[in-house]
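First the proteins, then the strands, lettered A, B, ... as listed; each starts at 1.
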Number of protein chains: 2
Amino acid sequence: MRSRADNSLAERKRQLVADELRDAALMLLATKGFDAVTVDDIVAAAGMSRRTFFRYFASKEDVVVRFLADTSADIITELAARPPAEPPSVALRHALWVPLAACNDHPEHSERARVVVRLILDTAALHARWLERQIEWRAELAAELANRRRVDPHTDPYPRMAAGMALLALDTVLQRWQPGDDEQHLAELMDQAFAVVAPALDAPAASQAAG
Amino acid sequence: MRSRADNSLAERKRQLVADELRDAALMLLATKGFDAVTVDDIVAAAGMSRRTFFRYFASKEDVVVRFLADTSADIITELAARPPAEPPSVALRHALWVPLAACNDHPEHSERARVVVRLILDTAALHARWLERQIEWRAELAAELANRRRVDPHTDPYPRMAAGMALLALDTVLQRWQPGDDEQHLAELMDQAFAVVAPALDAPAASQAAG
DNA sequence: CACTGGTTGACACTGAGTGTCACCGATAGC
DNA sequence: GCTATCGGTGACACTCAGTGTCAACCAGTG
């Protein structure tokens, strides 16, 4: 019972097919727009069958969103690894930096990522799917934050809202980044966005629970 | 060129059909779950044709989301009407109270609204669509907030993020309200949620713009 | 009565997504 | 070397969402 991603013999092939599909899809979608491209177009470009596409991706949206959203576990891990005494705003900033770091370090990935971000923000269906993914992140971040503050996430709105504010900051960064010019600005944009929510993230944990 | 909702002769009929469709849809969806109900089921229950359904609602999701999300204009109007000197947290709290006021005043509507909220929060596709609608609200709220603070929404992340935080508060209220017991708690939940984001909403407008 | 504007149902169509099955290639056991 | 098996694949048929089209209908109006 091997659980994926272990032996290179067949798994390499799988990855190759997935990459081929993803590359073909992103190229077509980015140039023609989301609605103007059918799955048939994608598989034709990749030289595979329709059925195969859906074996690798749950939906047409999935190809695009997965490209940005596969790093959920890393974010939580990073947050859990931050020192407990660190202010939430700093810990969250570091955690959400994880998915952005790859773009920041590898400009060749960055360009493609920016195209995908633009595509997501411009396409209602994709934007919705992206937000859906963010909801999962928010729940996981909230659980970890509740753990940090030793509060009950069912009675205290803080964890959920703090997670939401952090993701709002990320969203704002992405929205301001995509038309941009220089990757180095990413860190600066994050700082600006987190500066706005920091007063709420780091407010003393008093009175607001009660209820 | 009358723009809908003026003469009662034909418009009443339209509204009647829309209500019939909506009622049938909500009843089925709430009891059987979103994915288990097809549009055919809905129109069969309402005694109309499939095609008619799509003349009134853009999609199956639309029936549900529109039930909660048709009040965008009222929210903006309320925000614009708040005194300019009022802190953003207070003004936004009042603005977002508008759609909730109806539920609070009419318990018979409240019960149905709560069912719809539960349905939306439980269904990924609906939740995403709901957030998509919120994005529009956020943009409109942000524009109004930028107007209030006399800042440029393109360089200052505050307006967009403040709007996002307010909607996050609303989201949190809805999430904590639906399993609840008493409608009067709505106001209290709003107060709690806004207390969390208030420190950021009302922070002095300094340094964070720059860039 | 004929005319007009708006609504409706029936039908056909595209496209997403799923289930099924036969096939193919590689590996394991004889 | 032959065969059983197993994962992946393509072909096909199917459901369902959503759209375009058209003929029929039902006011109100000349």
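- A:Met48 places none of its side-chain heavy atoms less than 4.5 Å from the side chain of A:Phe53.
- No hydrogens or angles were tested; on distance alone, a donor-acceptor pair under 3.5 Å links the side chain of A:Arg55 to the base of D:dG10.
- In this structure, CZ of B:Arg14 is placed 16 Å from C1' of D:dA27, rounded to the nearest angstrom.
- Taking atom CZ on B:Arg12 and atom P on D:dA27, their separation rounds to 18 Å, with Å as the unit.
- Of the candidate nucleotides C:dG17, C:dT20, C:dT8, C:dT8 has the atom nearest to the side chain of B:Thr52.
- When the nucleotides C:dA16, D:dA17, D:dG10 are ranked by their closest atom to the side chain of B:Phe54, D:dA17 comes out on top.
- Under the 4.5 Å side-chain criterion, counting only non-hydrogen atoms from C-beta, A:Arg176 is in contact with A:Gln192.
- Distance, B:Phe57 CZ to D:dG18 P: 13 Å, rounded to whole Å.
- Atom pair B:Leu126:CG and D:dA17:P shows a separation of 13 Å (rounding to whole Å applied).
- Remark: DNA chain D forms stems of 3 or more consecutive Watson-Crick or G-U wobble pairs, all pair distances under 3.5 Å, at C:1-30 with D:1-30.
- Nucleotide C:dT7 holds its C1' atom 16 Å from the CD atom of B:Glu20, rounded to whole Å.
- For the pair B:Val17 and A:Thr38, both in contact range of DNA chain C, the more 5′-proximal nearest nucleotide belongs to B:Val17.
- Partner of A:Leu96 under the side-chain contact (heavy atoms from CB on, under 4.5 Å) criterion, out of A:Ile75, A:Leu79, A:Val173: A:Ile75 alone.
- Side-chain N/O atoms of B:Arg50 and base N/O atoms of D:dG18 include a donor-acceptor pair closer than 3.5 Å.
- Partners of B:Asp122 by side chain to side chain donor-acceptor pair (under 3.5 Å), not counting sequence neighbours: none found.
- Where B:Ser59 and A:Met48 each meet DNA chain D at their nearest nucleotide, the meeting point lying more 5' is that of A:Met48.
- Residue contacts shown for B:Tyr56 are limited to sugar-phosphate atoms, with no base heavy atom under 4.0 Å away.
- The CG atom of A:Asp35 sits 13 Å away from the P atom of D:dG18 (whole-angstrom rounding).
- Looking at A:Tyr56 and A:Arg22, their side chains never come closer than 4.5 Å, going by heavy atoms from C-beta outward.
- Atom CD in B:Glu61 sits about 13 Å away from atom C1' in D:dC16, given to the nearest Å.
- Ion pairing between a basic and an acidic side chain is recognised when a charged N comes within 4.0 Å of a carboxylate O; A:Asp23 and A:Arg112 show such pairing.
- Note on residues 132-144 of chain A: pairs passing salt bridge (Lys or Arg N to Asp or Glu O under 4.0 Å), not counting sequence neighbours, are A:Asp62-A:Arg133, A:Arg129-A:Glu132, A:Arg138-B:Asp171.
- In this structure, B:Gln15 places its CD atom 15 Å from C1' of C:dT7, rounding to the nearest Å.
- Nearer to the 5' terminus of DNA chain D, by closest-nucleotide assignment, is the contact made by A:Arg51 (compared with the other of A:Arg51 and B:Phe53).
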